[in-house]
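Worksheet: the structure to be examined is printed underneath.
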Amino acid sequence: MKWWILGGVLLVTTSVGLAPAAPAPWARRLEERAGPVGPPPQRVTTLEPSVPNVVLVVSDSFDGRLTFHPGNQTVSLPFINFMKKHGTLFLNAYTNSPICCPSRAAMWSGLFTHLTESWNNFKGLNQNYTTWMELLEKSGYHTQKFGKLDYTSGHHSISNRVEAWTRDVDFLLRQEGRPVVNLIPDKLKTRIMEEDWQNIDKATNWLRKEAIKFTQPFVLYLGLNLPHPYPSPYTGENFGSSTFQTSPYWLEKVFYKAIKIPKWSPLSEMHPVDYYSSYTKNCTGQFTKKEIRDIKAFYYAMCAETDAMLGEILLTLYQLNILQKTIVIFTSDHGELAMDHRQFYKMSMYEASSHVPLLMMGPSIRANLYVPDIVSLVDIYPTLLDIAGIPLHQNLSGYSLIPLSSEAFSNDSQSTRPRPPWILSEFHGCNVNASTYMLRIDKWKYIAYADGASSPPQLFDLSSDPDELTNIATMFPEITHSLDQKLRSIINYPLVSASVHQYNKKQFISWKNSLGQNYTKVIANLRWHQDWLKEPMKYESAINQWLKTNTNL
């Protein structure tokens with residue numbers, strides 16, 4: 001196999017001829033920004049486990065289903081398609097918590113959320129936690145990080161924290177920003193998310209000026225903000241991240257007529273937790289089909305811009321003649337509902353929110369391989385250790401992906417840990433009024449809430465109901481019971497839920513006491529201030545009642 005640039009298109013020669021990876025206009029523009037192309041690299045060779053460089057690109061809020069279905073039926077993603085053709089695609093990859101910080105904490109630690117106690121966007125890993133990157137650095141890898149990390153504690157707004165702590169108070173907290181779209185009128189503008197592009201520039205410059213000189217392998221982490229929605233035009237603590245923004249350039253990559261309008265259940269028939277989420281996300285009102293289709297179109301356009309950023313990294317690696325000895329991994333912390341199930345944002349176990357992209361290509365990684373095994377982000381940690389030849393810790397929640405994608409790198413310690421046929425995802429943050437647990441196994445998705453009794457579970461057969469429109473938990477009680485028992489054998493979720501409740505109360509009381517007489521003024525001006533200011537005594541009373549209620553462990 002040989003890699004070539006021909007007529008502005010990245011090509012690969014195989015036994016069946018030339019296979020284009022990207023439309024010529026895209027690759028040509030990106031190529032011009034990246035600089036002149038050198039001579040074609042030599043024939044790709046299989047490298048030893050300790051030799052490959054690693055580049056991990058992690059986006060934010062990328063719906064993993066776009067990597068395989070509907071994929072190019074809806075939006076042009078040439079560089080993701082290139083990775084599919086010349087690498088391995090994991091068809092059933094999931095986040096371990098559908099929100100930024102807890103998800104990334106799982107990815108960087110290799111441990112489930114309840115083990116790291118990363119309960120919300122403020123509570124992640126400790127600053128001095130030993131991650132996979134530190135272990136690779138100790139083993140001799142050069143390491144570099146650019147862009148969004150967001151896996152340690154201490155970030156995000158006061159409003160975000162208080163919403164998570166008080167999510168089971170007996171009132172609804174309205175998020176102010178109704179999801180909207182915003183079109184940048186400049187038809188030639190391609191760099192919409194400037195911060196991401198600046199980090200792309202930093203990463204490519206580092207590859208050109210630093211990494212190319214290394215005699216030892218390197219690990220490059222690149223965190224992107226896109227395709228996460230932008231903040232709405234509010235200031236301070238009152239903004240809601242609900243603006244889908246792009247330019248005509250990226251909208252041209254979207255096949256507007258192919259966009260499917262999702263089916264919604266009537267509000268009266270929604271699961272109570274779903275209703276709470278829709279309400280706090282300001283989605284219980286009326287939306288026209290055009291509004292919904294526009295939100296999806298703009299979101300897909302943001303995904304196209306993300307794909308171009310990935311392409312910039314791939315092209316730079318190619319031009320430096322190191323693509324053929326670098327393992328590239330692309331994934332995301334979670335997905336984006338984009339109006340599926342009458343919601344935007346994430347914080348849900350529905351496919352649009354919990355299903356993430358996961359692609360891997362490089363030396364000894366099988367090409368054009370679609371892996372149906374169910375995997376999750378905790379698998380990133382042991383995978384990177386496996387690539388580096390570092391012995392795996394036996395207490396990790398994840399399992400190396402290398403045995404599924406390559407025979408060359410499997411190591412002895414990993415072979416003794418057979419991969420289970422299930423994955424676990426859990427959520428304990430804001431916009432959802434009960435701790436949520438998802439078990440994905442075979443065709444089934446089982447979702448349990450809180451203590452397993454106060455809120456009804458959900459069961460979906462993804463083989464016959466991929467849009468998750470029909471909860472069949474009561475129709476198949478034996479399967480529901482069996483899956484609940486399996487979930488309880490993995491995690492004592494009623495106990496975890498009670499621990500989160502107590503943590504939330506403790507944190508809220510500490511925060512309230514720190515404010516003293518300013519408490520009422522501060523809390524009345526957080527994101528739900530419109531409701532609080534109308535009936536302050538009602539909300540004060542609800543919080544006081546909540547604080548008095550014991551949570552049994």
Side-chain angles (χ1 to χ4, degrees), residues 94 96-99 102 112-115 117-120 163-173 265 267-280 341 343 347-350 353-354 422-441 444-462 465 468-508 542-543 545-553:
Y94 288 87
N96 300 106
S97 186
I99 194 170
F112 289 137
T113 298
H114 65 279
L115 298 178
E117 297 186 346
S118 303
W119 301 132
N120 53 54
E163 288 171 47
W165 298 333
T166 60
R167 62 193 174 90
D168 56 336
V169 178
D170 190 22
F171 58 73
L172 292 170
L173 308 179
S265 300
L267 291 173
S268 60
E269 297 178 13
M270 291 180 71
H271 188 280
V273 175
D274 285 341
Y275 179 82
Y276 180 93
S277 295
S278 293
Y279 189 95
T280 60
H341 299 278
Q343 297 183 48
M347 304 122 167
S348 167
M349 295 303 174
Y350 286 123
S353 167
S354 63
W422 51 264
I423 65 94
L424 170 69
S425 188
E426 53 189 295
F427 182 75
H428 310 283
C430 58
N431 291 96
V432 179
N433 60 342
S435 287
T436 308
Y437 307 86
M438 184 261 279
L439 179 70
R440 174 72 207 278
I441 181 169
W444 304 109
K445 177 185 285 190
Y446 177 68
I447 306 172
Y449 297 94
D451 56 3
S454 56
S455 188
Q458 291 173 295
L459 176 65
F460 299 101
D461 180 348
L462 296 183
D465 182 23
E468 303 164 290
L469 298 174
T470 305
N471 178 12
I472 57 175
T474 57
M475 297 169 58
F476 297 93
E478 292 184 0
I479 294 176
T480 300
H481 176 73
S482 175
L483 291 174
D484 188 73
Q485 292 301 110
K486 179 62 178 178
L487 178 61
R488 290 172 186 263
S489 72
I490 299 167
I491 175 175
N492 185 343
Y493 71 84
L495 179 63
V496 172
S497 296
S499 297
V500 175
H501 287 319
Q502 289 213 345
Y503 162 83
N504 287 340
K505 290 182 180 181
K506 181 179 179 180
Q507 293 297 312
F508 181 84
I543 283 186
Q545 184 61 38
W546 165 65
L547 292 175
K548 293 177 182 178
T549 304
N550 292 324
T551 302
N552 295 321
L553 283 175

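Numbering of residues begins at 1 and proceeds along the displayed sequence.
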| said: Run His428 and Thr436 through side chain to side chain contact (heavy atoms under 4.5 Å, CB included) and show every step you take. | reply: CA-CA 7 Å; His428 310 283; Thr436 308; over 6 Å; no
| Short question: side chain of Thr280, backbone of Ser278 - any donor-acceptor pair under 3.5 Å? | no
| field | Residues Gln458 and Tyr449: side-chain donor-acceptor under 3.5 angstrom | value | yes
| message | As an exercise, state the distance from CG of Leu483 to NZ of Lys486, rounded to the nearest 0.5 Å. | response | 10.0 Å
| Heavy-atom distance under 4.5 Å between the side chains of Phe460 and Leu469, does that happen here? | no
| task | Could you tell me whether a side-chain N or O of Lys445 sits under 3.5 Å from a main-chain N or O of Met349, the two making a donor and an acceptor? | result | yes
| task | Say whether, by atom type as modelled, one donor and one acceptor occur between the side chain of Asn96 and the main chain of Leu424 under 3.5 angstrom. | result | yes
| message | In this structure, is the centre-to-centre distance between the rings of Tyr446 and His481 below 6.0 Å? | response | no
| said: So does Thr113 get a backbone contact from the side chain of Ser118, meaning a donor-acceptor N/O pair under 3.5 Å? | reply: no
| field | Under 3.5 Å side-chain donor-acceptor pair for Asp274 and Ser277 | value | no
| query | What is the ring orientation for Trp119 with Tyr503, classed by angle as parallel under 30°, tilted 30 to 60°, or perpendicular over 60°? | reply | tilted
| note | Between Ala164 and Asn504, the two heavy atoms sitting closest are O-ND2, 3.6 Å
| Spatial distance of atom CD1 (Ile441) from atom CD1 (Ile423) [nearest 0.5 Å] | 10.5 Å
| request: Ignoring hydrogens and angles, tell me if any N or O in the side chain of Ser425 forms a donor-acceptor pair with the backbone of Met438 under 3.5 Å. | output: no
| field | Side-chain donor-acceptor contact under 3.5 Å, Asp461 with Trp444 | value | no
| task | Give a yes or no answer on whether the side chain of Ser482 reaches the backbone of Ile479 with a donor-acceptor pair at less than 3.5 Å. | result | no
| Quick one: does Lys505's side chain have a donor or acceptor within less than 3.5 Å of a partner on Trp165's backbone? | no
| Working for side chain to side chain contact (heavy atoms under 4.5 Å, CB included), residues Ile490 and Trp422 | CA-CA 10 Å; Ile490 299 167; Trp422 51 264; 3.5 Å; yes
| Of the non-hydrogen atoms in Val273 and Ala434, which two are nearest, and what is the gap between them? | CG2-CB, 4.4 Å
| query | Under 3.5 Å, is there a donor-acceptor pair between the side chain of Ser435 and the main chain of Ser497? | reply | no
| said: For His501 and Asp168, which I'm curious about, is there any donor-acceptor pair between the side chains at under 3.5 Å? | reply: yes
| task | Just do the side chain to side chain contact (heavy atoms under 4.5 Å, CB included) check on Met347 and Cys430 with the steps written out, would you? | result | CA-CA 8 Å; Met347 304 122 167; Cys430 58; 4.0 Å; yes
| query | When rounded to the nearest 0.5 angstrom, what distance separates CG in Leu459 from CD in Glu468? | reply | 11.0 Å
| For Thr470, does its backbone N or O pair with a side-chain atom of Asp465 as donor and acceptor, under 3.5 Å? | yes
| If you look at every heavy atom in Glu426 and Phe112, which pair is closest and at what distance? | OE2-CB, 4.0 Å
| message | Please evaluate residues Tyr437 and His114 with respect to the criterion ring pair (Phe, Tyr, Trp, His ring centres under 6.0 Å), reporting the C-alpha separation (whole Å), side-chain torsions for both, the decisive distance (0.1 Å), and the verdict. | response | CA-CA 11 Å; Tyr437 307 86; His114 65 279; 8.2 Å; no
| field | Steps toward side chain to side chain donor-acceptor pair (under 3.5 Å) verdict (Tyr493, Asp484) | value | CA-CA 10 Å; Tyr493 71 84; Asp484 188 73; 2.6 Å; yes
| Backbone of Pro457 reached by a side-chain donor or acceptor of Asn471 within 3.5 Å | yes
| query | If we only count heavy atoms from C-beta on, is the Phe427 to Pro98 side-chain gap below 4.5 Å? | reply | yes
| Which atoms form the tightest heavy-atom contact between Asp451 and Ala453, and what is the distance? | OD1-N, 2.9 Å
| Nearest heavy-atom neighbours spanning Gly429 and Arg167 | O-CD, 3.0 Å
| Is Glu478 atom CD crowded by more than 12 heavy atoms from other residues, nucleotides or ligands, each under 6.0 Å away? | no
| message | Please determine whether side chain to side chain contact (heavy atoms under 4.5 Å, CB included) holds for the pair His341 and Ser353, giving the CA-CA distance in whole Å, both sets of side-chain angles, and the decisive distance to 0.1 Å. | response | CA-CA 10 Å; His341 299 278; Ser353 167; over 6 Å; no
